[in-house]
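Notes for the one structure printed next.
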There are 2 protein chains.
Amino acid sequence: MGESERGNATREHILTTASAMFGEAGYRGASLRDIAARCGLTHPGLLYHFPTKAGLLEAVLQRRDEADIRDAGPGATGLEALNNLVEVARHNSKTRGLVELFATLSAEATAPDHPAHAYFVARYERVVGEFSQHFVELQAEGNLREGVDPQAAGRQWVALMDGLQIQWLLDESVDMAGVLDAHLKSLLA
Amino acid sequence: MGESERGNATREHILTTASAMFGEAGYRGASLRDIAARCGLTHPGLLYHFPTKAGLLEAVLQRRDEADIRDAGPGATGLEALNNLVEVARHNSKTRGLVELFATLSAEATAPDHPAHAYFVARYERVVGEFSQHFVELQAEGNLREGVDPQAAGRQWVALMDGLQIQWLLDESVDMAGVLDAHLKSLLA
DNA sequence: GTCTATAGAGTGATAGAC
DNA sequence: GTCTATCACTCTATAGAC
């Protein structure tokens, strides 16, 4: 429609590169010069497309959210949804950059003045809610073990994914999907 | 004995302050000038005691390890040891600085060239081993549920603690000890 | 769109006075 | 032990040429 039909190739290249480098070095650790150089640009060239560094980070996170929505099997619920999440973990261990991005930034953004702080507060609230919902559905299916609280199980699941990502980034022989799968099985009826 | 009897007051003050600020802002985010100012020093004054920033970080982590060893109830095993860990989580929510230090640095140190990278690789190997050992003991006591792998349970426990710390730092109403306790109960025979 | 050049601030570290 | 002054470098961002 009215949007620019072409010319976003550079923009896309910058977003992809910035995503990788924010993951590797964190937001503070990755400089605009480094990111621009890996795109074959100078840093003022990059700033033409994204006028501020914080704006670039925002765009990176926003694009990831859009990709997440595309990737999430739209209809899955309960056990099927949770099994899908184990598969997501298995798939993540093939894209180190993405794991780095969220593991590094969610810790860095713990500081209240970080440009992505509000984003991560909102993201965790949303994700914990979604995962808890899957356990509610699991319970309705009759597949949740007696005495397990769906809300706590949802929060546990998010924590487990985050913690395993750190362990995997420090030592890639850690089997994220295997540990998650074992955890899921221990919660089934 | 042969060690300097007094004069370490400044050194201790620097270590305490640096520990807090590395937690709040990360290693990269906390500058020597900031740390020194909060100690009532200039940054060359600080560098007299710790000649490099990486050396200061090393000293901060080393002092924490010594404190950890003091705090760990030396003899606890199995269920008693795991219950102690739930209490440690409850206590941690009263010392935000310490939680920040490890949550922030363990993500930052995921980068192979980070000055604390080797420290965290070794630390996780050690801690996962210790926690797994507690689950082996739990099994020997006959308190571990049928079909739960002690090694996986140890790794899960570490991941859960790390992930919960991030959630708690983003929203202090998250009940770290409560979620851990629920997890432990779900693993008992 | 992308560049060179530069402003203005911050960084870790050193030299040398006191 | 702690300071002032400074070095050499990096950072984000802007101005203005092409």
Side-chain angles (χ1 to χ4, degrees), chain A residues 3-61 104-105 108-109 111 113-117 119, chain B residues 3-61 104-105 108-109 111 113-117 119:
Chain A
E3 302 310 318
S4 56
E5 204 59 42
R6 196 68 357 213
N8 319 51
T10 309
R11 232 185 112 89
E12 277 302 306
H13 189 191
I14 292 170
L15 283 174
T16 305
T17 307
S19 180
M21 300 197 66
F22 284 152
E24 287 166 30
Y27 174 71
R28 286 180 171 108
S31 78
L32 293 176
R33 279 176 174 82
D34 291 346
I35 298 168
R38 225 192 262 189
C39 296
L41 284 176
T42 58
H43 79 279
L46 186 156
L47 285 168
Y48 169 81
H49 299 277
F50 300 93
T52 69
K53 191 186 183 185
L56 174 59
L57 174 61
E58 210 172 321
V60 164
L61 293 173
T104 305
L105 285 186
E108 201 181 20
D113 62 334
H114 192 282
H117 181 75
Y119 172 89
Chain B
E3 301 309 318
S4 57
E5 203 57 40
R6 197 65 357 211
N8 320 51
T10 309
R11 234 186 111 91
E12 278 302 305
H13 189 192
I14 292 170
L15 283 173
T16 305
T17 307
S19 179
M21 299 197 66
F22 284 152
E24 287 165 31
Y27 174 71
R28 285 181 172 106
S31 78
L32 292 177
R33 280 174 175 80
D34 291 346
I35 299 168
R38 226 192 262 190
C39 296
L41 283 177
T42 59
H43 81 280
L46 186 156
L47 286 168
Y48 169 80
H49 298 277
F50 299 93
T52 70
K53 191 186 183 185
L56 174 59
L57 174 61
E58 211 172 319
V60 163
L61 293 172
T104 305
L105 286 185
E108 200 181 22
D113 62 332
H114 192 282
H117 181 75
Y119 172 89

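What you see is a predicted model, and the numbers here were worked out from it, not measured in a lab. In the text below, chain A, chain B and the rest are named by the order of the sequence lines, each starting its count at 1.
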Distance, rounded to the nearest Å, where [X] contributes [atom1] and [N] contributes [atom2]:
{"X": "A:L32", "N": "C:dA9", "atom1": "CG", "atom2": "P", "answer": "19 Å"}
{"X": "A:F22", "N": "D:dC11", "atom1": "CZ", "atom2": "P", "answer": "13 Å"}
{"X": "B:H13", "N": "D:dT2", "atom1": "NE2", "atom2": "P", "answer": "12 Å"}
{"X": "A:L56", "N": "D:dC11", "atom1": "CG", "atom2": "C1'", "answer": "15 Å"}
{"X": "B:R28", "N": "C:dT11", "atom1": "CZ", "atom2": "P", "answer": "15 Å"}
{"X": "A:H49", "N": "D:dA13", "atom1": "NE2", "atom2": "P", "answer": "16 Å"}

If the sugar-phosphate is the primed atoms plus P, OP1 and OP2 and the base is the rest, what is the B/S/- string for nucleotides 3-10 of chain D, using protein heavy atoms under 4.0 Å?
BBBB----
Taking only residues two or more places apart in sequence or in another chain, which ones pass side-chain hydrogen bond (donor to acceptor under 3.5 Å, both in side chains) with A:T42?
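Scan of A:T42 (side-chain hydrogen bond (donor to acceptor under 3.5 Å, both in side chains), adjacent residues dropped) gives none.
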Would you find a donor on one side and an acceptor on the other, under 3.5 Å apart, between the side chain of A:S19 and the backbone of A:V60?
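It does not hold such a pair.
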Any side-chain to backbone donor/acceptor pair from B:E108 onto B:G26? Under 3.5 Å, distance only.
no
Considering only residues two or more places apart or on different chains, which pairs with a residue in residues 38-56 of chain B satisfy salt bridge (charged side-chain N to carboxylate O under 4.0 Å, His left out)?
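Matches after skipping sequence neighbours: B:E24-B:R38.
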Give me the one residue out of B:L61, B:L57, B:T104 that meets side chain to side chain contact (heavy atoms under 4.5 Å, CB included) with B:F22.
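That would be B:L57.
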Using side chain to side chain contact (heavy atoms under 4.5 Å, CB included), reason through B:Y27 and B:L105 one step at a time and then give a plain yes or no.
CA-CA 7 Å; B:Y27 174 71; B:L105 286 185; 3.9 Å; yes
Picking from C:dG12, D:dT2, D:dT14, which would you name as closest to the side chain of A:L47?
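In terms of side-chain proximity for A:L47, the closest of C:dG12, D:dT2, D:dT14 is D:dT14.
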So does B:Y48 get a side-chain nitrogen or oxygen closer than 4.0 Å to the phosphate oxygens (OP1/OP2) of D:dT2?
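No.
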